[in-house]
Amino acid sequence: MSIKSNLKTVIVFPLRSEAEISGEKSSVEFFKKLLSGSEFKMSNGNNRASFQWTWLENIRRLLDLYHCPVPKDGGVLIVKIPTPSQLPLAYYLTRKARGRVIFWIDGLNWELNSWCMTFSLLISEPALIFFRMIFNNSIWVRLVRKKHLELIVSSKVQKDKLNQLDLPLSRIHIVPNGTSMLYDCKFNVENLAEKKEANKGLRIGYIGHSYKTKGVEDLLSALYKVKKERLLFSAHFAFSTLGHKNIQNRAKNDGYFISGKVNKEHFYRNIDLLVFPYWTDWGTNVYPNVLLESLEFGVPVITTDLPIMRELFGCNGMAIFVPPRNSNVLAETLLQIMYGEIKLPESNDLKEYFKSRYSQDLSKNIWLSILSGG
C-alpha cells in the first residue's frame with residue numbers, strides 16, 4: 001500500500017469567495033503548507049471556476065457546502081466563515097454530515113463604535129456597514145448556543161467574545177494566523193539618523209484595502225501634516241481592488257507611489273515602517289496577515305490601540321500604538337519618529353518575537369494536535 005493512501009483528508013471550504021490579497025486567502029495557503037509532510041492532506045472544498053459576479057458565486061457556494069461530503073477514515077471538513085454570525089447557516093448546511101466538522105472563524109462580529117464614527121462609516125460605506133449591522137450581528141450566533149460545535153479562532157479576544165455569547169457546549173481552539181512568506185530575511189531596518197545624513201528619508205508603507213475602516217484617510221491626513229515640516233520621507237501604497245477609488249486617487253494626487261498587487265518580499269524590504277491605523281477591530285482576519293508579515297520581516301509598525309492589536313503585538317514595545325481615527329496623534333507620532341524622539345523596535349527583536357509566538361512550527365503543532373483530536 002502506498003504512503004499516500006494512508007493520508008487523512010482535510011477539506012477546507014471557505015463559505016465566501018476570497019480576494020487574492022486578502023488575509024483570509026493567505027491563511028488557507030499557510031494552512032496548506034503546514035499540512036505538507038504530515039499524516040493529513042488538504043483538499044479544497046470549492047475548486048470550480050469563479051463567476052464574474054461575486055454574490056452569485058457565494059450563493060453557489062452555499063449549495064456546494066450542503067452537498068460537500070465529510071472525508072472518511074479520520075478526515076475532517078473545515079468550514080471557513082468570515083464572522084461568528086455565519087455559524088447558524090454553516091451549521092445547518094452541514095447537519096447531514098456524519099463525520100467531524102470544524103468551523104474556522106476569521107473575524108469578529110460587528111459592534112457599535114462611537115456614534116460619530118458609525119455615522120461617518122454609514123455616510124461613506126452605507127451598503128457595507130448596513131450589511132455588517134444586519135448580517136454580522138451577534139444575535140445570530142445565539143441560534144446555535146445549545147449546539148455542540150467545534151470552533152477555531154485566531155485570538156483570545158475572539159474566544160472571550162464567543163464565550164460572552166453563551167456557547168457552553170462548544171469547544172473553542174485558538175490557532176494564531178500565520179504567514180506563508182517563509183523567507184530567511186537577513187536585512188535590518190537602517191538607523192534613521194543615518195538615513196537623515198544620507199538624505200534618504202523615512203520610507204512608509206501601507207498594503208491592503210482602502211475601505212474607510214482601514215484608516216487610510218487618516219494616514220494621508222497625517223502625511224499632509226508631516227509635509228509641512230519639510231522632512232524627507234516617501235510612501236508606498238499597495239492597494240487591493242477593494243475599497244474606495246477616491247482614497248486611492250487622493251494618495252496618487254498627493255505624490256505617493258501607488259501599486260496594486262505586489263511582491264510582498266520586495267515590498268517589506270523597501271519600507272522602514274508599516275502604518276495601519278484601523279478604526280475598528282471587527283471584520284475579517286482579526287490577526288491581519290500583513291502585520292504578521294511585518295513581524296516576520298522585522299519591519300516596525302504603527303497601528304491602532306485596539307484589544308486585538310495589543311494581543312497581537314503584546315505590551316513590550318513590539319509596536320507603536322495610536323488612538324483610532326486621530327490623524328493629529330498619528331502625525332505627531334510620525335514626526336517624533338523622524339526627529340528621533342520615539343525609537344522604533346529593533347528588526348531582530350521583531351523577528352525573534354515572531355518566531356516565539358507565530359512561527360510555522362508552533363502553528364503546525366497546534367493544528368496537527370487539533371486535527372488528531374487533541
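Note that the numbering runs from 1 along the sequence shown for the chain.
A 6.0 Å sphere centred on CH2 of W367 holds more than 12 heavy atoms belonging to other residues, nucleotides or ligands. Crowding of I139 atom CD1: a count of heavy atoms from other residues, nucleotides or ligands under 6.0 Å not exceeding 12.
With hydrogens and angles ignored, the 3.5 Å screen pairs a side-chain donor or acceptor of R61 with a backbone N or O of P14. Looking at S294, its side chain does come within 3.5 Å of a backbone N or O of L291 through a donor-acceptor pair. N270 places a side-chain N or O within 3.5 Å of a backbone atom of H266 that can act as its donor or acceptor partner. Using modelled atom types, one side-chain atom of S363 and one backbone atom of S359 make a donor-acceptor pair closer than 3.5 Å. Under a 3.5 Å cut-off, the side chain of R132 and the backbone N or O of I129 do not form any donor-acceptor pair. Distance alone, capped at 3.5 Å, is enough to place a donor-acceptor pair between the T94 side chain and the Y91 backbone. Judged by distance alone, with hydrogens and angles left aside, the side-chain atoms of N263 form a donor-acceptor pair with the main-chain N or O of E265 at under 3.5 Å. Between the side chain of S369 and the backbone N or O of N365 there is no donor-acceptor pair closer than 3.5 Å. A donor-acceptor contact shorter than 3.5 Å links the side chain of R100 to the backbone of L371.
Of all heavy-atom pairs spanning L219 and L330, the tightest one is CA-CD2, 3.8 Å. Considering all non-hydrogen atoms of both residues, L312 and L292 come closest at CD1-CD2, 3.6 Å. When every heavy atom of D218 is checked against every heavy atom of N326, the shortest pair comes out as OD2-N, 4.3 Å. When every heavy atom of V216 is checked against every heavy atom of F237, the shortest pair comes out as CG1-CE2, 4.0 Å. Considering every non-hydrogen atom in both P323 and V329, the closest pair reads CD-CG1, 3.5 Å. The two residues P84 and V141 have their closest heavy-atom pair at O-CG2, 3.4 Å.
Sequence neighbours left out, the pairs with a member in residues 300-322 that pass salt bridge (charged side-chain N to carboxylate O under 4.0 Å, His left out) are D305-R310. For residues 315-325, there are no salt bridge (charged side-chain N to carboxylate O under 4.0 Å, His left out) pairs, not counting sequence neighbours.
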Requested in this report: Step by step, work out the side chain to side chain donor-acceptor pair (under 3.5 Å) result for S38 and K364.
Outcome: CA-CA 9 Å; S38 73; K364 183 173 184 176; over 6 Å; no
Report task. Tell me, with the steps shown, if K32 and V28 meet side chain to side chain contact (heavy atoms under 4.5 Å, CB included). Result -> CA-CA 6 Å; K32 183 178 180 179; V28 173; 5.7 Å; no
Requested in this report: Please step through side chain to side chain contact (heavy atoms under 4.5 Å, CB included) for the pair E332 and Q336, ending with a clear verdict.
Outcome: CA-CA 6 Å; E332 182 62 29; Q336 288 178 306; 3.8 Å; yes
Requested in this report: Step by step, work out the salt bridge (Lys or Arg N to Asp or Glu O under 4.0 Å) result for K212 and E125.
Outcome: CA-CA 8 Å; K212 201 175 188 71; E125 305 163 350; over 6 Å; no
Query - Derivation and outcome, side chain to side chain contact (heavy atoms under 4.5 Å, CB included), residues S372 and E39 - result: CA-CA 9 Å; S372 299; E39 62 180 305; 3.6 Å; yes
Query - Stepwise side chain to side chain contact (heavy atoms under 4.5 Å, CB included) test for D349 and N316 - result: CA-CA 11 Å; D349 290 343; N316 296 318; over 6 Å; no
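Remark: the S210 side chain and the K245 side chain contain no N/O donor-acceptor pair separated by less than 3.5 Å. Side-chain N/O atoms of H173 and E150 include a donor and acceptor closer than 3.5 Å. In the model, H236 has a side-chain atom that pairs as donor or acceptor with a side-chain atom of S259 under 3.5 Å. A side-chain N or O of N136 and one of S85 form a donor-acceptor pair less than 3.5 Å apart. Side chains of Y268 and E293: a donor on one and an acceptor on the other come within 3.5 Å.
Separation of atoms CG (D106) and CD (Q86) is listed at 9.5 Å; rounding is to 0.5 Å. For the atom pair OH of Y211 and CG of L121, the computed distance is 13.0 Å after rounding to the nearest 0.5 Å. Once rounded to the nearest 0.5 Å, the distance linking CG of N137 with CZ of R142 reads 9.5 Å. If you take OG1 on T83 and CG on L108, they are separated by 9.0 Å, rounding to the nearest 0.5 Å. Within the model, atoms NZ of K146 and OG of S170 stand 13.0 Å from one another, a figure rounded to the nearest 0.5 Å. For the atom pair NE2 of H67 and CG of L93, the computed distance is 10.0 Å after rounding to the nearest 0.5 Å.
Between I152 and I174, the closest side-chain pair of non-hydrogen atoms is not below 4.5 Å. T304 has its side chain out of reach of F321: every pair of non-hydrogen atoms, C-beta onward, lies at least 4.5 Å apart. Between N249 and I258, every side-chain heavy-atom pair lies at or beyond the 4.5 Å cut-off. Residues Q158 and S155 are in side-chain contact: their nearest non-hydrogen atoms beyond the backbone lie under 4.5 Å apart. Two residues are said to be in side-chain contact when any heavy atoms from C-beta on lie closer than 4.5 Å; W279 and K214 fail this criterion. Using a 4.5 Å heavy-atom threshold, the side chains of I337 and L335 count as separate. Residues I11 and I78 have side chains not in contact (no heavy-atom distance under 4.5 Å, counting atoms from C-beta outward). Put simply, the side chain of I102 does not reach to within 4.5 Å of the side chain of L77, judged on heavy atoms.
Legend: residues meeting salt bridge (charged side-chain N to carboxylate O under 4.0 Å, His left out) with K252, ordered by chain and number and at least two apart, are absent. Partners of W104 by side chain to side chain donor-acceptor pair (under 3.5 Å), not counting sequence neighbours: none found. For K225, the side-chain contact (heavy atoms from CB on, under 4.5 Å) partners at least two apart in sequence or on another chain are S221, S327, N328, A331.
Taking the six-membered ring for Trp and thresholds of 30 and 60 degrees, Y206 and F239 have ring planes inclined between 30 and 60 degrees apart. The aromatic rings of Y287 and Y358 stand perpendicular to each other, their planes meeting at an angle above 60°, with 30° marking the opposite boundary.
W140 and Y92 fall into different hydrophobic clusters, where Ile, Leu, Val, Met, Phe, Trp and Tyr side chains are chained together by heavy-atom contacts under 4.5 Å. Two different hydrophobic clusters hold V101 and L63 under the rule that ILVMFWY side chains link at heavy-atom gaps under 4.5 Å. Clustering ILVMFWY residues whenever any of their side-chain heavy atoms sit less than 4.5 angstrom apart, transitively, puts F257 in a cluster other than the one holding Y224.
Residues K33 and E29 are not paired through a salt bridge, judged by the lack of any N-O separation under 4.0 Å between the basic side chain and the carboxylate. A salt bridge links E346 with K343: the closest approach of a Lys/Arg side-chain nitrogen to an acidic carboxylate oxygen falls below 4.0 angstrom. Using a 4.0 Å cut-off between charged side-chain N and carboxylate O, K351 and E296 make no salt bridge.
Residues near L169 contribute nothing to a hydrophobic cluster around it, because no ILVMFWY side-chain heavy atom sits closer than 4.5 Å to its side chain.
Cation-pi check for K96 over Y66 is met; the charged atom lies under 6.0 angstrom from the ring centroid and within 45 degrees of its normal.
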